[in-house]
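Down below is the structure, laid out as structure tokens.
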Amino acid sequence: WSNTETPVDALDELSKTSYPLCMRTLHEALKSNYHLKNSGRVQYGLFLKGIGVKMDEALQMWRTEFTKKIDADKFDKEYAYTIKFIYGKVGSQKNYTPMGCSKIISNIAGTGEYHGCPYRLMDSGTLKKKLTSYGLLATDVSEIVSLAEEHHYQLACAKCFEVTHKIPPEHPVMHPNAYYSDSRSIIDK
Ligand code: SF4
């Protein structure tokens, strides 16, 4: 995982430049709904830990968003635990690692949930609209949507990396945190 510390105030920008679609979707949902259900908190929280967000900063970010809708007291009682758990500070105190693509792809999100892999879970029209709104060219969008329709979710994700970075990822897409590191190593060059 990343050895570099990532400040939470960089996440809005990083979500646009270096997140794979699964994490960008969770980041956007958190920022617009001021909430993520448990599976989304775990998927995104572990990813953030992996990219070098420290626990206190992560807690501060989740608290800032959640308390736009609920009391700080309720956040501390009901939601802070998951974040501390992810960092191994409470509960079984294990060193939980960020989820890889196969696990994320196998997780199905229900109504009002945003975890899982969007290349599997979004219908073609929604995926097309989403990628177009991110500024991708129509030909690239079509290619990515076709790969997703053929159930080649990780190839669709790699194609998205390629068209947004003008170079394919260094590794086949197997893990969102590796996608992120490949992106940073190109952008930080
Ligand atoms: Fe995330 Fe992997 Fe799906 Fe890409 S292929 S969106 S990294 S789960």
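Starting from 1, each residue takes its place in the sequence as its number. Counting convention: from 1, in listed order, for ligands and their atoms alike. Heavy atoms only: backbone and side chains are in, while hydrogens, waters and symmetry mates are out.
Within a radius of less than 2.8 Å around atom 4 (Fe) of ligand 1, the protein N, O or S atoms are C157 SG.
Residues D182 and S185 bring no donor and acceptor atom of their side chains to less than 3.5 Å of each other.
Classification of K77 and D73 as a salt-bridged pair holds, one side-chain N sitting under 4.0 Å from a carboxylate O.
Around the NZ atom of K94, the shell of radius 6.0 Å holds no more than 12 heavy atoms that belong to other residues, nucleotides or ligands. Sparse packing is recorded around CE of M174, with 12 or fewer heavy atoms of other residues, nucleotides or ligands lying under 6.0 Å away.
Side chains of T67 and D71 form no contact here, defined as non-hydrogen atoms less than 4.5 Å apart.
How far NZ of K49 is from CD1 of I83: 11.5 Å, rounded to the nearest 0.5 Å.
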